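Here the structure is laid out as structure tokens; the discussion comes afterwards.
Position 1 is the first residue of the sequence, and the numbers go up from there. Computed from a predicted model, the values in this text were never measured in an experiment.
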Amino acid sequence: MSEAKIVLVTGASQGIGAATAGAFARAGHQVVLAARGPEKLAAAKGALGEAGARCLGVPCDVTDPQSVEALFRTIGERFGRLDVVFNNAGSNVSTTLVGDITWEEWRRVVSVNLDGAFLIASAAFRMMRGQDPRGGRIINNGSISAHVPRYGSAPYTASKHAITGLTRSISLDGRAFDIACGQIDIGNAASAMTARMSGGVPQADGTLKAEPTIDVTHVADTVVQMAALPLDVNVQFITIMATTMPFIGRG
């Protein structure tokens, strides 16, 4: 991006979200960090040092339409526009066979990963369509699970497959309004969600094996690169993963 943009990152208080928010801020952009916990948001902003001065933390529950509406009202009042969204907030449950997943567990994952992604994307679409100059870019966090499931991961896998459909729909709907939409599918980025991988995670054959991870900064830098493109260019789908993770192959 040749000039400073207004960027929204959801799930920004930790992991991939915090790293990506920091990468955008260090690149000179104004960044809105959104997550549920105000204390964790403040800590994430503080950890950015001088770059934190270009950040605004806004508590938001992406599963709550009123909370999302308030988030975008704040963005509009503070900045007057929005150029980039990294739709990143996500949730998961521990490895559980589909017959043993409770309705409450299913709804918790789907409400964050899919309902929340829709609410953020929909509000961003409206703002980008109506601003002057119009347009912007929405980047959805898919997952390796948008392609193939992990053992015992039905809620997460179903939600991430759905994100792919949402990405394609936004891309199509956004053409007339200079709104580009792409998806980054991430495999084994080191974060709190993947910490257990070093101790072994269930494989397709039922065994436990440790899996390699990659530094989360590589993911953050990739998102920033996607956002740096002009709006007449789009990275529709990109996969970034640990080279030797068990994704390509027979499992």
Side-chain angles (χ1 to χ4, degrees), residues 1 5 7-12 15-21 23-24 31 34 62-63 68 82-92 109-129 135-150 153 155-189 191 193-194 214 216-242 245 247-248:
M1 288 172 281
K5 302 292 186 181
V7 180
L8 168 63
V9 178
T10 66
I16 293 169
T20 304
F24 274 116
V31 187
V62 298
T63 70
V68 172
L82 180 62
D83 299 298
V84 178
V85 173
F86 181 37
N87 213 351
N88 169 71
S91 181
N92 202 356
V109 174
V110 173
S111 67
V112 176
N113 293 4
L114 182 56
D115 298 345
F118 161 74
L119 288 172
I120 292 293
S122 179
F125 191 101
R126 290 192 296 275
M127 180 172 283
M128 291 172 176
R129 179 178 59 187
R137 187 180 304 276
I138 299 168
I139 300 172
N140 291 326
N141 187 345
S143 172
I144 292 293
S145 292
H147 302 273
V148 294
R150 280 192 177 277
S153 67
Y156 187 80
T157 298
S159 67
K160 292 303 184 177
H161 272 63
I163 288 295
T164 299
L166 180 64
T167 297
R168 288 177 168 140
S169 291
I170 296 169
S171 295
L172 185 56
D173 291 354
R175 286 180 183 173
F177 308 105
D178 301 316
I179 298 171
C181 183
Q183 179 171 315
I184 183 167
D185 295 323
I186 304 163
N188 291 11
S191 68
M193 187 176 287
T194 60
I214 57 173
V216 72
T217 59
H218 299 307
V219 177
D221 290 344
T222 302
V223 175
V224 173
Q225 290 170 7
M226 292 170 71
L229 295 168
L231 291 179
D232 61 347
V233 181
N234 189 37
V235 175
Q236 186 66 71
F237 296 100
I238 188 169
T239 301
I240 183 169
M241 54 180 266
M245 72 170 290
F247 171 58
I248 301 298

Return the CG to CZ distance between Asp173 and Arg168, rounded to the nearest 0.5 Å. 14.0 Å
Mind checking whether Val235 and Leu229 have side chains closer than 4.5 Å, heavy atoms only? yes
Evaluate the side-chain proximity of Ser143 to Ile186: yes if any heavy-atom separation is below 4.5 Å, no if none is. no
Heavy-atom pair with the smallest gap, counting every atom of Val109 and Ser159: CG1-OG, 4.3 Å
Taking every heavy atom of Gln183 against every heavy atom of Ala146, the minimum-distance pair comes out as NE2-CB, 3.9 Å
Do Leu82 and Leu8 have side chains that approach each other closer than 4.5 Å (heavy atoms only, starting at C-beta)? yes
What are the two closest heavy atoms between Gly182 and Asn234, and how far apart are they? N-OD1, 4.0 Å
Heavy-atom pair of closest approach, residues Ile170 and Ile138: CG2-CD1, 4.0 Å
Interatomic distance, OG1@Thr164 vs CG@Asn140, rounded to 0.5 Å, equals 9.0 Å
Is it the case that the side chain of Asn87 and the backbone of Ala117 share a donor-acceptor pair, with hydrogens and angles ignored and the cut-off at 3.5 Å? yes
When rounded to the nearest 0.5 Å, the distance separating CG of Asp178 from CZ of Arg137 is 11.0 Å
Does any non-hydrogen side-chain atom of His147 lie less than 4.5 Å from one of Phe247? yes
Does Thr10 reach the main-chain N or O of Ala89 with its side chain, forming a donor-acceptor pair under 3.5 Å? yes
Measuring from atom CE of Met241 to atom NE2 of His218, what distance do you get when rounded to the nearest 0.5 angstrom? 14.0 Å
Please round to the nearest 0.5 Å and tell me the distance separating atom OG of Ser145 and atom NE2 of His161. 8.5 Å
Side chain of Ser171, backbone of Cys181: donor and acceptor closer than 3.5 Å? yes
Show your reasoning for whether side-chain contact (heavy atoms from CB on, under 4.5 Å) applies to Val7 and Phe86. CA-CA 8 Å; Val7 180; Phe86 181 37; 5.7 Å; no
List the steps and the verdict of side-chain contact (heavy atoms from CB on, under 4.5 Å) for Ile214 and Asn188. CA-CA 6 Å; Ile214 57 173; Asn188 291 11; 5.8 Å; no
Closest non-hydrogen atoms of Ser91 and Tyr156, given as atom of the first, atom of the second and distance, are O-CD1, 3.4 Å
All heavy atoms of Pro155 vs all of Val110, minimum pair found to be O-CG2, 4.4 Å
Do Ile144 and Arg150 have side chains that get closer than 4.5 Å, going by heavy atoms? no
Do the side chains of Ile184 and Thr222 get nearer than 4.5 Å, heavy atoms only? yes
Inspect the surroundings of CZ in Phe118 and state if more than 12 heavy atoms from other residues, nucleotides or ligands are less than 6.0 Å away. no
So, do Thr20 and Asn88 sit near enough that their side-chain heavy atoms are less than 4.5 Å apart? no
First locate atom CD1 of Ile120, then atom CG of Asp115, and finally report the distance between them rounded to the nearest 0.5 Å. 12.0 Å
Can a donor-acceptor pair be found between the side chains of Ser122 and Arg126 at a distance below 3.5 Å? yes
Less than 4.5 Å apart, any side-chain heavy atom of Asn141 and any of Ile163? no
